6 protein chains.
Amino acid sequence: MSFVAFGEIMLRMSPPGRELLLQTPKLDVWVAGAEANVVTGLARLGHSTGLIGAVPDNDLGRAGVAGLRAHGVDCSLVRTAAGRMGLYFVTSGAGLRATDVVYDRAGSSFASVPPGEWDWDALLGGADRLHLSGITPALGPGPGEAAIAAAEAASARGLPVSFDGNYRARLWEAWDSDPRGVLGRIVPHADIMFGNHRDIALLLGREFAGDGEDRRSAAAEAAFEAFPKLQIIASTARHVEDADRHRLSARVDGRDGHAQTEEVTIAGIVDRIGAGDAFAVGVLHALRRGGDIAAAAQTGLALTCLKHS
Amino acid sequence: MSFVAFGEIMLRMSPPGRELLLQTPKLDVWVAGAEANVVTGLARLGHSTGLIGAVPDNDLGRAGVAGLRAHGVDCSLVRTAAGRMGLYFVTSGAGLRATDVVYDRAGSSFASVPPGEWDWDALLGGADRLHLSGITPALGPGPGEAAIAAAEAASARGLPVSFDGNYRARLWEAWDSDPRGVLGRIVPHADIMFGNHRDIALLLGREFAGDGEDRRSAAAEAAFEAFPKLQIIASTARHVEDADRHRLSARVDGRDGHAQTEEVTIAGIVDRIGAGDAFAVGVLHALRRGGDIAAAAQTGLALTCLKHS
Amino acid sequence: MSFVAFGEIMLRMSPPGRELLLQTPKLDVWVAGAEANVVTGLARLGHSTGLIGAVPDNDLGRAGVAGLRAHGVDCSLVRTAAGRMGLYFVTSGAGLRATDVVYDRAGSSFASVPPGEWDWDALLGGADRLHLSGITPALGPGPGEAAIAAAEAASARGLPVSFDGNYRARLWEAWDSDPRGVLGRIVPHADIMFGNHRDIALLLGREFAGDGEDRRSAAAEAAFEAFPKLQIIASTARHVEDADRHRLSARVDGRDGHAQTEEVTIAGIVDRIGAGDAFAVGVLHALRRGGDIAAAAQTGLALTCLKHS
Amino acid sequence: MSFVAFGEIMLRMSPPGRELLLQTPKLDVWVAGAEANVVTGLARLGHSTGLIGAVPDNDLGRAGVAGLRAHGVDCSLVRTAAGRMGLYFVTSGAGLRATDVVYDRAGSSFASVPPGEWDWDALLGGADRLHLSGITPALGPGPGEAAIAAAEAASARGLPVSFDGNYRARLWEAWDSDPRGVLGRIVPHADIMFGNHRDIALLLGREFAGDGEDRRSAAAEAAFEAFPKLQIIASTARHVEDADRHRLSARVDGRDGHAQTEEVTIAGIVDRIGAGDAFAVGVLHALRRGGDIAAAAQTGLALTCLKHS
Amino acid sequence: MSFVAFGEIMLRMSPPGRELLLQTPKLDVWVAGAEANVVTGLARLGHSTGLIGAVPDNDLGRAGVAGLRAHGVDCSLVRTAAGRMGLYFVTSGAGLRATDVVYDRAGSSFASVPPGEWDWDALLGGADRLHLSGITPALGPGPGEAAIAAAEAASARGLPVSFDGNYRARLWEAWDSDPRGVLGRIVPHADIMFGNHRDIALLLGREFAGDGEDRRSAAAEAAFEAFPKLQIIASTARHVEDADRHRLSARVDGRDGHAQTEEVTIAGIVDRIGAGDAFAVGVLHALRRGGDIAAAAQTGLALTCLKHS
Amino acid sequence: MSFVAFGEIMLRMSPPGRELLLQTPKLDVWVAGAEANVVTGLARLGHSTGLIGAVPDNDLGRAGVAGLRAHGVDCSLVRTAAGRMGLYFVTSGAGLRATDVVYDRAGSSFASVPPGEWDWDALLGGADRLHLSGITPALGPGPGEAAIAAAEAASARGLPVSFDGNYRARLWEAWDSDPRGVLGRIVPHADIMFGNHRDIALLLGREFAGDGEDRRSAAAEAAFEAFPKLQIIASTARHVEDADRHRLSARVDGRDGHAQTEEVTIAGIVDRIGAGDAFAVGVLHALRRGGDIAAAAQTGLALTCLKHS
Ligand SMILES: Nc1ncnc2c1ncn2[C@@H]1O[C@H](COP(=O)(O)OP(=O)(O)O)[C@@H](O)[C@H]1O
Ligand SMILES: Nc1ncnc2c1ncn2[C@@H]1O[C@H](COP(=O)(O)OP(=O)(O)O)[C@@H](O)[C@H]1O
Ligand SMILES: Nc1ncnc2c1ncn2[C@@H]1O[C@H](COP(=O)(O)OP(=O)(O)O)[C@@H](O)[C@H]1O
Ligand SMILES: Nc1ncnc2c1ncn2[C@@H]1O[C@H](COP(=O)(O)OP(=O)(O)O)[C@@H](O)[C@H]1O
Ligand SMILES: Nc1ncnc2c1ncn2[C@@H]1O[C@H](COP(=O)(O)OP(=O)(O)O)[C@@H](O)[C@H]1O
Ligand SMILES: Nc1ncnc2c1ncn2[C@@H]1O[C@H](COP(=O)(O)OP(=O)(O)O)[C@@H](O)[C@H]1O
């Protein structure tokens, strides 16, 4: 498999159309999860991909797996485990009303697997690349340990590792966590990092002064210095005009320079959720197909824009 | 109860999504009615509220009551009565197509209750404030008499009264009516009036010259002079750029000055219906929580904007 | 046109699936009305048919007309009129729960047309046959007069008339009515009557003793004697085993004998509404195609059974 | 309030129509919970009722409360609490396929409230009667203590207590539980118990020999002896012919005799879930309205049958 | 009939709401087809219209006919024929995602009718005007011959003919076609042509230099010269700002001058499909009602704009 | 892969709930196809399975593949090809109304692949068993040749072949076909055949006298004699009591004896389509797990019954 990711499969429940959550007693159900989104997107672009994860042995777990398989993601490495299916409930924003999310993922099967039960040699045996995100370690000490072990094992086998910062304050704050400590043991194994100056600031324990481009350059420089294995840093910048009108640009930093796209205006925003995952898909796809950092930035931005529609 | 309102509970029927009415043979059903909207909104903000009204003793009437109760509105003062459930059918506008409404409220239970059957002493016994609107008296002589009696009884008990102009030409013109005569017996009892220079012009039987702010000031001054009990006049001004883009501002006049908000642009309009009721909710909420007229204007505008989404 | 009927077009609103009315806030909408059902059914069997009626000039009225036209019923004789669209709301029964109906047809456009405004010579100009039912005269004095005038005009022009008893106690009891007096001026013009001993008892002001077949024979005999123009009396007998299992048979009486079908068991009843109209369709179709009373009974029963599914 | 119950409010999620769970990505959402069902049913029959419970402070919790309030259940004693909303997912059976349930209620707000935080004097202050079920104590030690305290407090205040056995093996087996020990501290306070010989066998730690009626009589006798406060024992007996055809009867035992209904056949089973709660509603309603045990058995059975449809 | 059109009735299948095609396993079905749209639109504006076409003798064919009849289009000239129902599948665009169409019309009943089987004298006997489009001849040699024969027969009978270019490259390229040759035998019979400089360029086998207005004038002039019968050329110009914001204007050329509307901005585009047909409806309606070319341009533009919403 | 099948993936379109086809303009879409159903069912029982087939390179083709992959069927051997997606439209029966199907599969991608383009050595390289059905050869000469080649190639490689008769008169009669000739070149390679005396009669060109068991025994004997490779013949017998009540039994013949199940009554029939495929799944599953013919008959019947619900 070209890409394998490690992460939680979730079910996203949202009201039909533009309704508020449970305004009428109906829910639409979608398979979700940051890492799952990335391998799904790559599969739709023609890559062979797989997911390493865990679901409960019930109809919800099976629906999660079925949803990924429908897009061609190999789920033979998804195990069943005690615990429940991670859920979240969403109301899409409209006009001046922001998108709202109720998380209901505590006690999930994925988060409950003892870290020692993941056999990384076996799990990574058929993979060319590993993708991780900052969400898994935010779920608790067990998933954190597992994510670190995955990164180390991939590194040891010489597999390139991509890592998406995906900082979720709510998750880290729900337990006695040390984000910098944990993430600081994953990022050193990454070749590609998705994240901006804020992610880097967190990792390095320092702020970056200045604005826009300058701040991003400074942060990238510092990250390349701190993490010798890191080759690529990719991020988007979003400027919200109003709820229905955003401006987006993408930047990809390499060790020898960076690429910056123009800004694109997105009107009539339908759905912001998953836009970051679509960006990662575009960048990974372009690089895998031999593109340079400019191509990566363009492709990443293009997929992000499509995702909003 | 902090707020009690007197008015008709209706069922609003609209096509799914952005379809035209009965383009496909499906209807979505919502509980509606200007006064019902106001107490619903106040209940959702944490106030104890109730409605005085009447519905038929059938599944439609029960659905109307259930919809209000779901939001926490006390319906113990909603009686059953002969007649039918008031309905209206709506197609939401889109692009250049305007929102369209087919009223089907003739012969409603609410409008059919003989005015003498409302026992205002009993009905207002547990209330701190009464809210009325100009829709009830527009329904016919009976509802008009009932609304006047409600205003007088509240006044006599020392309960503050709020009144929302809500002028509906179609309703007044459907019978041999005298809007000025009827409203002129309600407004003298109001402490708070929702309405602009057009409402005041109607009440005083005169026009106000000038434009925008000036006209509103002149009208407010005249209203304060004509109605000694009146303390607050609140209104919004809407500037339609196109069907999907409106600019809105709010103004609240007190006897010692007025507050005027900035204009807010609302894009991607989803639903204009009920925006005026949301404004009343915001103003009443802010004032009840001890806010001044500036807070009232801001809160009213904020809720109106949210309502559009 | 082979058949033209005179009657009210209604919209039937029912909850999706097997839900109770407004258990969820959704309604499915169907075009309905006894006479409309008959011409719709005949049109689907290939006859050219039309309806004479009235609807309001709004989206509800237009939806009613569109629904009939979709089945090929000519609606060029449906006029618009003041008043509202007749509605009714239905919850389908299931298990031991009976089907429930909330009528909301008071003040309908159809019932509001002054009887003198129907120009029967023009309206019947293109018709070969007229179909009426006992529902129209039950709506009030105006519709009653109109139905009588229609029957007389058809009779005068030599058009065969069919009449479906369709006795609706609720409708007759809602006003100061004289069902026997009114129906007694329509049936003398009918060639075909749909109705059983109870309809005949009402018309003749006497009871029929005995049971089942005997009672029906006696009633038919009496009716043929009382109404010299009458040639055919058709009726069904229903034996309810339980909500999901009925037994049905049909009987058609002619002046020279009668035909009686076997009993058919219908299981898993989906929808009883409109079964009587389907019977009329089957009988009229068979007779029009030159069938005898046995064929009429069989065809009527077959369509009734299909209608239940 | 005539009846107050203590129990968990849940959301029941089920596929549309007769589909399997997540066969299509849509869910219908209903408010559920055994005790909530009982007070909802009683409210629909005209009794003033309330629920004591806890929900999370989010849109799911609010939807649960709104659903109860819609039916007229007073929710002013429902508090918010940390934890999540209890959920369960259902596929209705059809033909030979059994109804299937996936519970997802671990970590619910209701189960997480420390038992000492329920202030029973305040909570029972406005109540005439208390209803409990065997589900609450099955949720864990905390809810068990709370249920015992509720029963004791009601008893101490002289409030009649009804208790529905509702034995759920899956719940009790999920932790280190002692059902007999816990239930044995609740039932002594009950005046009315819903349960059959199996519930009594569990409580008394002994089996009852024999079959049908005899076994039920022996069990009732033993229960009356063991629990001096107990006046009424009510239960149903179900005989499953096939998935679409059940036979049901009800029995109510008093200290001076018992009432037994005939068997009723229910065909075309739509939904078995909640049938036991409907039985409790019928019995409590009949007794409250002054009926004897025969009336209680009849009314309980009637409501159970309606619930299946 | 005021207008009769000759063309294929299709079923358009699209996902609910703003979903992608088959993202969930549901389709909404609409009756479609360029010529069918034109007569439907004219019927809704009060003209008597009919369609000449062919559908398969199955439920899909019947649904297509029913959909047209619902709008009042006479379908007595729609025959059944071997072959299948023409289908197409659509995903509406949103944001930066374009509208996408999967055609599935090969082997349709309409395209399969041997051209000699259309009896134009009979078919045009009751018509005042004939409408054709460039889609029919693009379907293959048979439909092309039929369209030519229709145009010739109408011409011979002195019926005005309108023709909508509707160039579909995908259809013409699917077979060994000669668009110029075929269309060049239809347009000479047309009084009114809907099309711009590109349609004319194709017909005359030459390009038109210049930009905007100039190019359109030159093209119109050339067309009027080449086709002596032609009196009116009508077209719209669309300027796409972004997916949710278009600017549209209309132009109508007559032999003595032309009319050009202002540009109208359309925001929040819902549905572009069928906009061209709506333009034709507006122009034909205005001309039929005696309007001049300015009125035709305005009315055409107004209906196009409404269609987008 | 344990099982690989060769056959057409289709989309089945059916109305929501128990509606008639296109009674409302909505369709539910399911992935279907006899061979696809078999590998889907086996995958759900835990076998590794794959399909060999062809779909168009559009959203319909992709949806078909996604639907199979969701159930875990390997689709890496499904190619794209010119042509269209095979569709069929279904109205489920209810009461006395039979299930109705409109096929729309002419010109499908699957049927259009030139037989020589299937590279059987490559396609069967990873398979343990091949499943074929009588539908593929009924689609035309090309698919027939392909099916024969598949059977021969499997035979040559020593792979067991199962074959499901699935006689479809409508398909064979649509072209100048020779069912006996074509099937007679496939069955000789089969180890397992699903079919009854009628399938065998067709293959051998002779009738089997007698009734029920006798006729089946005679037919099986003759088939075993004619086809030396054949080891197992499996079939069901259905006795229709009424539309909602069928009796089913299964029979499996081996060379040394046969197994016959009891009859099972199925009430409240939901969906008969696919029942034969479910039978094949059960038989193949039982045999693969080492069961004898009695187990195969039981398991086949059990899955068939579940499928009806
Ligand atoms: N508190 C934080 N500490 C470190 N990084 C953060 C923090 N908040 C956000 N980020 C990072 O900033 C980037 C942008 O995140 P966010 O503001 O959520 O917008 P978007 O929706 O575009 O991803 C992400 O890579 C995220 O991981
Ligand atoms: N003909 C009228 N006479 C008096 N007041 C009117 C009249 N028409 C509208 N109004 C008042 O003007 C205000 C604005 O009404 P409207 O134009 O309907 O916009 P909105 O949707 O913002 O309420 C309301 O308070 C209404 O009561
Ligand atoms: N009170 C009545 N007086 C006269 N005729 C009646 C009366 N009630 C019912 N009928 C007639 O009896 C026949 C059967 O009616 P009904 O009992 O409603 O069953 P169904 O649903 O089979 O039509 C109808 O023709 C109806 O007009
Ligand atoms: N293992 C058990 N121990 C004690 N009582 C039980 C047990 N299982 C079921 N019961 C009781 O038996 C009665 C019938 O329960 P059940 O078999 O689930 O059918 P129903 O769906 O009719 O409630 C209930 O009162 C229940 O509490
Ligand atoms: N290749 C072409 N040759 C000739 N005419 C064309 C061609 N492509 C488009 N047209 C014509 O140009 C006009 C505009 O078509 P199009 O660009 O599809 O936009 P619209 O959606 O506004 O119709 C139509 O009348 C069409 O027939
Ligand atoms: N005309 C026929 N010739 C040969 N076999 C047939 C024929 N018709 C049906 N069969 C076979 O008979 C069996 C039963 O088919 P069918 O009657 O359609 O019922 P079922 O729905 O149970 O499959 C199938 O194996 C089918 O292939």
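As the structure is a prediction and not an experimental result, all values here were calculated from the model. Convention: sequence-line order gives letters A, B, ...; per-chain numbering from 1.
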Visitor: Hey, mind stepping through F/Arg84 and E/Arg84 against side chain to side chain contact (heavy atoms under 4.5 Å, CB included) and telling me if it holds?
Guide: CA-CA 13 Å; F/Arg84 47 187 299 273; E/Arg84 46 187 300 274; 2.7 Å; yes

Visitor: Among F/Asp100, F/Val90, F/Leu20, which one satisfies side-chain contact (heavy atoms from CB on, under 4.5 Å) with E/Asp59?
Guide: F/Asp100

Visitor: Can you establish whether the number of heavy atoms outside E/Asp119 located under 6.0 Å from its atom CG is more than 12?
Guide: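 Yes, because the 6.0 Å sphere around CG of E/Asp119 holds more than 12 heavy atoms from other groups.
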
Visitor: In terms of heavy-atom pairs under 4.5 Å, which option from F/Val29, F/Leu87, F/Thr24 contacts chain E the most?
Guide: F/Val29

Visitor: For the candidates E/Leu60, E/Leu22, E/Asp28, which exhibits the highest count of non-hydrogen atom pairs separated by less than 4.5 Å from chain F?
Guide: E/Leu60

Visitor: Does atom CZ of F/Arg79 have more than 12 heavy-atom neighbours from other groups under 6.0 Å away?
Guide: yes

Visitor: Nearest 0.5 Å please: distance from the CE atom of E/Met85 over to the CZ atom of F/Phe89.
Guide: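 Answer rounded to 0.5 Å: 10.0 Å.
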
Visitor: Check each atom of F/Asn58 against the heavy atoms of chain E and say whether the ones under 4.5 Å are side chain, backbone, both or neither.
Guide: side chain

Visitor: I want to check something: taking the side chain as every heavy atom from C-beta on, are E/Lys26 and F/Leu27 in contact at a cut-off of under 4.5 Å?
Guide: no

